[in-house]
Structure formats: C-alpha cells, structure tokens
Amino acid sequence: MDLELRHLKTIRAIADAGSLTKAATALGLAQPALSAQLKRIERTLGGELFERGRFGVRATALGEFVLARARIVLPAVSGLQEEAERFSRVWQDRRGFRLGGTHGPLLGGLVDRLAAAYPDHPVSTYTSWSERDIASQVADVRLDFALIGTCGASTPPESERLVWREVARDPVFVMLATGHPQAGASEVELGELAGEAWTDVPGDGCFGDCFTAACARAGFTPSSVYETDTASCVHLVQVGRAVGLCRATFPPTEGIVTLPLAGAPLYWRHLLGWHPETYAHDTAAGVLGHARAAHAAAAARSESYSAWLASPGADVG
C-alpha cells in the first residue's frame with residue numbers, strides 16, 4: 001500500500017483527538033474500521049505510530065516523526081489547491097494578455113493596439129534584456145506571449161516548447177550624431193566606420209558575434225563596444241562618443257540620424273512566441289496581426305527606413 005494524503009489526515013486526526021474512539025467520530029468512521037486502517041498505515045510505515053493505553057493513545061517516536069512531516073505537508077497541499085483554484089478562476093475571468101518583450105518600439109505599439117481592440121481584457125507587460133528569460137517564462141506559462149528578436153536566421157530560444165512566428169525582419173541601421181561626417185549620406189559602408197567606438201544594448205543572443213563577423217568581413221575589428229541601456233546609447237551617439245547599432249524602426253530622436261548599412265550585412269527578425277497548449281494559442285493569430293501592424297506603423301515613422309524600403313533592391317535575409 002502506498003502512503004496517501006488521506007492516511008496523513010487520519011494520523012493527524014488520531015493525534016489531535018487523543019483516542020481512536022474520538023478520532024473515529026470526527027472522521028465519521030466506525031472505531032473498528034479506523035483501527036484496521038491504522039494498522040495498514042503502520043505496516044506501510046514500518047512500525048507503530050501510537051501507543052494504546054487506558055487513557056487513549058500517545059504518539060511513538062515514529063509517530064512524532066510522521067506527524068511532524070504531516071503538519072508541513074498537509075497545509076502545503078491545502079494551500080496549493082486553494083491557490084490553484086483561485087488562479088483558475090482569475091484566469092478564466094480575466095482572459096487578458098501577459099506580454100514579455102525586450103527593448104524596442106514594438107512592445108509599446110502592441111500594448112496600445114491590444115488595449116484598444118480588447119478594452120475589457122487586461123494587458124500586462126514584463127521586460128528583460130534576456131530573450132531566453134522571456135521565452136522560458138512563456139514556456140512555463142508565466143507569460144502568454146514573447147515579443148523578441150533574433151539575429152539573422154538564428155534559432156529562437158525554447159524552440160521545442162514554443163510556437164514562433166515572424167512578425168517582420170529589418171536591416172540593422174547605424175545611429176550617427178547629426179554632426180558626423182557621414183550623417184548626410186543615404187547609406188554608409190560598414191568599413192567606413194572602422195575607426196569608431198560602438199554602442200549597443202545588451203542581449204544574450206548571437207548579435208554580438210554576428211556584428212564582429214560583419215566587421216571582420218569589412219576588414220576591421222571594433223576598437224570598443226559599449227553595451228548599455230537605450231538612453232545611454234542615445235547619449236553616447238549624441239555627444240559623438242560612439243556610433244550606435246539600432247533596429248531600422250528606431251524612432252526619430254533629436255541630435256541623431258539613422259542610416260542603413262550598405263548591403264544590409266546584418267538583419268534582425270522580430271518574433272512572436274507562445275505556448276501551443278494554452279489559451280494564448282487561441283488568440284495568437286489576432287495578436288500576431290496586431291504586432292505586424294505595430295511594426296508597420298513604427299517603420300512608417302522612420303524617414304530613413306521608409307526611404308530604404310522604397311529603394312531598388314531593398315531586401316534582407
């Protein structure tokens with residue numbers, strides 16, 4: 001016989017009552033039936049749990065050991081059940097959208113569109129520099145959707161547990177200060193920036209390796225790369241301390257111009273991911289449509305990206 005939760009409840013009831021007769025009454029059993037059940041439990045656990053006497057029962061050393069564990073296990077299981085039921089009720093009632101995203105303009109655009117399209121469905125967000133962190137939270141059903149990016153054709157994280165669909169793919173642009181010698185060009189060769197320091201936002205994908213490889217093909221090694229938050233990247237570019245790498249949808253910013261790299265040596269795929277066995281799967285097509293619309297709007301706000309898209313032979317990947 002395997003030990004079950006009901007057996008632990010029986011042991012606790014006997015200890016609390018102090019006698020088999022009182023415990024049987026509390027459990028709604030006949031006293032002989034409770035005695036027989038206790039003997040089966042004791043055989044399973046390998047010894048007597050209670051000493052019987054004129055004045056009732058008293059736990060043995062083994063009984064005290066089992067009771068100590070039971071007083072931890074039973075409340076924990078009860079709490080788990082209550083929390084699961086409460087979570088289920090809340091989830092069924094809310095039918096909202098829990099979004100996880102990395103840095104970039106698309107998350108805000110997607111939130112805006114979902115909030116407008118589904119005013120009765122709450123939208124919450126979680127941001128991280130780590131694509132793997134966001135993907136794992138979706139895989140563990142702590143988030144509904146992941147809005148992340150990957151460099152080129154690299155495989156997104158948690159690809160065995162999640163469904164991934166491409167929202168869009170963009171060339172990687174450079175950010176230059178408006179006073180930079182190349183700021184007035186329509187595009188810039190990567191090799192022409194060989195002497196510059198660079199700045200970029202962090203991440204745990206392969207973009208850093210892809211950038212280093214692109215520089216090597218252009219005949220140089222970057223002298224320094226500052227990985228920092230978006231605001232600091234913008235500042236370093238504005239003051240001429242570095243040139244920045246950015247997505248083509250980077251919004252217009254005072255003191256900065258964004259330009260395509262000739263030949264689009266680097267590109268970025270925007271991806272939406274979700275768990276195939278959750279409520280998110282039923283709404284994924286709509287969310288994907290809103291994400292693509294948010295990307296199109298972001299692209300339209302960028303004069304340099306709009307010009308690149310209209311140029312002959314514009315293509316990535």
Side-chain angles (χ1 to χ4, degrees), residues 101-110 112-113 129 131 147-154 156 165-178 180 182-193 196 198-203 205-208 210-215 217-218 222 225 227 229-231 233-234 236-238 242-272 288 290-317:
T102 52
H103 46 85
L106 294 191
L107 183 60
L110 179 56
D112 180 40
R113 290 176 178 275
W129 298 113
E131 292 88 356
L147 186 63
I148 67 167
T150 61
C151 179
S154 59
R165 292 292 182 268
E166 185 175 290
V167 175
R169 60 178 63 192
D170 296 329
V172 173
F173 277 20
V174 290
M175 296 187 294
L176 305 176
T178 52
H180 191 281
Q182 299 286 345
S186 58
E187 65 176 18
V188 60
E189 295 281 349
L190 182 59
E192 294 176 348
L193 302 172
E196 302 281 358
W198 296 82
T199 185
D200 187 22
V201 293
C206 64
F207 182 77
C210 293
F211 172 60
T212 300
C215 293
R217 291 193 297 270
V225 179
E227 278 196 345
D229 61 276
T230 302
C233 286
V234 168
L236 290 172
V237 174
Q238 288 172 326
V243 297
L245 295 165
C246 67
R247 304 174 191 189
T249 53
F250 192 82
T253 304
E254 183 179 359
I256 285 179
V257 296
T258 60
L259 295 177
L261 289 166
L266 295 165
Y267 72 93
W268 190 258
R269 289 192 303 148
H270 302 278
L271 301 174
L272 184 75
L288 180 60
H290 285 296
R292 287 172 173 167
H295 175 271
R301 288 192 295 270
S302 170
E303 292 184 7
S304 59
Y305 192 21
S306 297
W308 184 85
L309 290 171
S311 63
D315 189 26
V316 290

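- With hydrogens and angles disregarded, a donor-acceptor distance shorter than 3.5 Å links the side chain of Arg269 to the backbone of Ser154.
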Show your working on side chain to side chain contact (heavy atoms under 4.5 Å, CB included) between Val243 and Val237 and close with a plain yes or no.
CA-CA 5 Å; Val243 297; Val237 174; 5.6 Å; no
Check the pair Thr150, Trp268 against side chain to side chain contact (heavy atoms under 4.5 Å, CB included), reporting the backbone distance first and the verdict last.
CA-CA 6 Å; Thr150 61; Trp268 190 258; over 6 Å; no
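- Counting heavy-atom neighbours within 6.0 Å of Glu303 CD, excluding the residue itself, gives a total of 12 or less.
- Here OG1 of Thr212 is found 9.5 Å from CZ of Phe207. Values are rounded to the nearest 0.5 Å.
- Atom-to-atom distance recorded for Leu245:CG and Leu193:CG is 9.5 Å, nearest 0.5 angstrom.
- Taken to the nearest 0.5 Å, the CE atom of Met175 stands 12.5 Å off from the NE2 atom of His180.
- Interatomic distance, CD of Glu187 versus CD of Gln182, reported as 10.5 Å (0.5 Å rounding).
- Considering only residues two or more places apart in sequence or on other chains, Ala297 meets the side chain to side chain contact (heavy atoms under 4.5 Å, CB included) condition with Arg113, Arg301.
- Taking NE2 of His290 as the reference point, atom CG of Asp112 lies at 10.5 Å (rounded to 0.5 Å).
- Distance CG/Asp200 to CG/Leu236: 11.5 Å, rounded to 0.5 Å.
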Trace of the side chain to side chain contact (heavy atoms under 4.5 Å, CB included) decision for Val201 with Trp129:
CA-CA 8 Å; Val201 293; Trp129 298 113; 3.8 Å; yes
Leu271 vs Val167, test: side chain to side chain contact (heavy atoms under 4.5 Å, CB included). Steps then yes/no.
CA-CA 5 Å; Leu271 301 174; Val167 175; 5.9 Å; no
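- Checking side-chain atoms of Ser306 against main-chain N and O of Ala299 turns up a donor-acceptor pair under 3.5 Å.
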Under 3.5 Å, sequence neighbours excluded: what are the donor-acceptor pairs made by side chains of residues 250-262?
| from | atom 1 | to | atom 2 | distance (Å) |
| --- | --- | --- | --- | --- |
| Thr253 | OG1 | Pro251 | O | 3.0 |
| Thr258 | OG1 | Ser304 | OG | 2.7 |

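- Annotation: side chain to side chain contact (heavy atoms under 4.5 Å, CB included) contacts of Ala168 (sequence neighbours excluded): His270, His295.
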